[in-house]
Amino acid sequence: MSAPTDTHCPYCSLQCGITLTPKPDGTLSLAGREDFPVNRGGLCIKGATATELLDHPERLTAPLVRDSRDDPFRPATWDEALDRIAAAITATQERYGRDAVGAFGGGGLTNEKAYQFGKFVRVALRSRNIDYNGRFCMSSAVAAGTRAFGMDRGLPFPFDDIPKADVLVLVGSNPADTMPPAMRFLEEGRERGARHIVIDPRRTATAELAHTHLQPVPNTDLSLANGLLHIAIRENLVDEEYIATRTNGFDAVRRAVRSYWPDRVERVTGIAVPDLYELVRALAAAPTAMILTARGVEQHADGTDTAQAWINLALALGLPGSGPGNGWGTITGQGNGQGGREHGQKADQLPGYRQLTNPAHRAHVAGVWGVDPDELPGPGVSAYELLDRMGMDAGVRALLVSASNPVVSAPNARHVEERFAALDFLAVTDIFLSETARLADVVLPTTQWAEESGTMTNPEGRVLLRRKAVDPPPGVRSDLQIWREIADRLGRGQFFPTEPEEVFTELRRASAGGIADYAGITYQRLAAGEELFWPCPAEDHPGTSHMFTERFPPPDGRANFLPVRPRLAAELPDEAHPYLLTTGRARSQYQSGTQTRRSPTLAAAVPRPYVELHPELARSLGISDGDPVRLSTPRGSAVLDARLDPGSRRDTVFVPFHWGGAACVNALTSDALDPTSRMPEFKTCPVAVEKAVFTADEQNGAAVRPAAVRT
Ligand code: SF4
C-alpha cells in the first residue's frame, strides 16, 4: 500500500480523523485530517504517536501456549492454539454445561467485532455469559438515559451544538486531558460569549479554562442536582409548558426534592448557597443551555440515579430536544464506547439495542442469524459479576477475553486476579502480553487499528469507517478470523463470515427496525464522505443528527422524570481510612495502559504512576513532592509517587488508573455495584494515605497484596 489512507485514531471515543502516509523507509507518517468535522486536523499526544504501536518490539506475532500455569509460554502454531481452545470449550461444556464458558469483550472493538463476538457466544458457544469492559465506562448514563428518554445515545446532538450553548455545565468531565481536540468546541463557545461552569472535585485542566469551577465533595452530585432543581422550582424557573407537554412524572420529582434546602445541600456538597443560586439562574436565564455529564457522575454505586438527577434538572428546565445548543448528554470514553454497547456484547442485549428477554427481538435476530430463536440463551450477568464468579459453581470455568485487561481495569483488582487464577482455562486475544494475558493458558495475537477495516461509532452516534492502511505482521490474525476458526472446530463455522464489510452488512439487517438502526449505512456511503448518524433506516435516509426534536422515543412520545435520592455509601471514611480516593485518566495515557505504556513518547510524558494530593494534606503527613506514598483500603494497597497539586481538595487524593502491579489503583477501588447499571463504585472510596516504607516484595517489584484477601 503506497497511497495515503484516511482512517481514525485507535484510542478514545472522539475517534479523530487521521491520514497515514507510507514513507520511503517503510514506516508511516501520521497527520490529523482537516476534513474530518470532529477534530479538524487536531490530535492529542496519544493519537499523534499511535504509529509507535504498529512495529513495536513487544508486539505478539505468534500464538503462545503453556501446558500448566507454572510453565513459561512457548510459541505454538495456530492449529495447536485453536485446537486447545476448542477442546477446552468442549470439555468444560460437557462437564459443567454451556454457560460454564464465557467471554469478556472490549469497548475498543469495532462494531463488526462487537457484533460478531456477541453472536459467537450465543450461536457458537450457546452460552449466556458475555459482557465487556464498557460496563465499567458509561453504563450508568446508558441506564439513566434509557429510563428517561426510552433510548441511549451519548449525545443526542452533534458536537457542533456545544458552541451554541450560551451556558454549558460540565459535570465530572475533563476533556482537556481526556480528549483535547474536543476543547475546540468549548473554545468556540467561549469566543462567542458562552459561560462555562465545571463541577469537579479536582481543579482539572478543563476547570482551569471555565468561568466558574465548583469543587464538591466527591460522590455528592446527586444531592447537588436535587438541590439545584429545588431552587429552580422555588424560584419559578422551571419550564412548566415543556414539562406539561413533553414529560411525565414531574410531580413525584417535585415532591422528592422538596427537602433539598440550599443550606442542607451546602453542608453535604461543600458548594456555597450563593453559588447554587447563581448556577440555577444562569442555566434558566440562558437562551440556550446544556448539561454534559461523564464518568465523574456515572462511576458510582448510585451512578444511574445520579445521572438521572442531572437529567431531571435538564428536563425541568426544558432543555432536551429544544433545538441546537440545548440538551443533556454524556461524553463516552472508550474508542467505540457508543457502538460497542449497541450490538450485542452486553449481557442482556442483541444487536440494534434489541433485548434478549423480548420474544419479538429474539425472533428477528435469530431470523437474520439463521438459527431457531429457542436456541438463543437468555441474558447473562454483568461484567464484574462475571469476573467475581469465575471458577465457582455458578460461574464460568473457561473464559475468552478479547481487547480487555480486567486485571488492571476492574475494581478490587487483586480479587479479580485471584478469580482469573481459579479458571480451568483462559484464552486472551490481544496485541501485547497484557497483565491479563500473562495469566492465560493460550494467547492469540490479533490485528490492530491500522491493519484492518471496520466501523466505529462516536458519542454523537456518528458512524465512521476505519480503513486498513498496512498489512499486519506475518502470523497475526483478526478477531473475526479467530472466532470463525474456533466456531469451525465447534461445528458452527458456517454462521461466521470473516470480511468486515460482510459482517457489517449482516449487522445492518440485524439492527434494522431496532433503536440503533444501521440499515441504511453502507461502507460505500461512509467512504464517499457522508456524515451518517444512527438511526438511519434506509439507504436513501440522511441519518439522524438531532434526536428528540419532535417527540421522545417512548410510545407516548414523552420523556420520564424519576425521583431519585442518594443511598448511604457502601463505605464511609473512618479513623483508619480518613481520606477519599478518586480515580481517572492522565492526558498521555489511555485505559489500562496496555498500548500507551508501551509507547516510548507517552511513557516519557508520564514515566511513573503518581498520586495527586493537596500540599497541605501532604505536609500534615510528612510527604514531599516525589516521595513514595502508600494508599490503603480494606482490599489492598498501592505505592505511587507524590505529586503535590494545590487544585486538589484537602480531603481527596486522585490517582490515574493506567498502571498494574504495585501501582494498580484498582487494587483499592470498591466493587459495590449500582443496582440498575451494575457499574462498580470506581470513583470514590475511603483511603489511608501515608509516606511509604517499602516491603521486600515491593522492592522486588511484586504486586502489593492486602494481608487478607476476600475469597
Ligand atoms: Fe485519539 Fe482521542 Fe486523542 Fe483524538 S482525542 S487523537 S481520538 S486519543
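When a ligand or atom number is given, it counts from 1 through the structure's own listing order.
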Fill in the blank from the handout: Of all heavy-atom pairs linking Thr669 and Pro411, the shortest is OG1-CA, 3.4 Å
Problem - Geometric cation-pi criterion, Arg202 with Phe654: 6.0 Å, 45° - result: yes
Practice task
For atom 4 (Fe) of ligand 1, report each protein N, O or S atom nearer than 2.8 Å, sorted by chain and then by residue number.
Solution key: Cys16 SG
Exercise for the section: Indicate the ring-plane relationship of Phe682 and Phe136, choosing parallel, tilted or perpendicular according to the 30° and 60° boundaries. Expected result: perpendicular
Fill in the blank from the handout: Tightest non-hydrogen contact, residues Trp534 and Ala516, listed as CE3-CA, 3.5 Å
Practice task
Go through the side-chain N and O atoms of Arg295 and Thr330 and say whether any donor and acceptor fall under 3.5 Å apart.
Solution key: yes
Handout entry: Residue pair Asp430 / Thr446, side-chain donor-acceptor N/O under 3.5 Å
Key = no
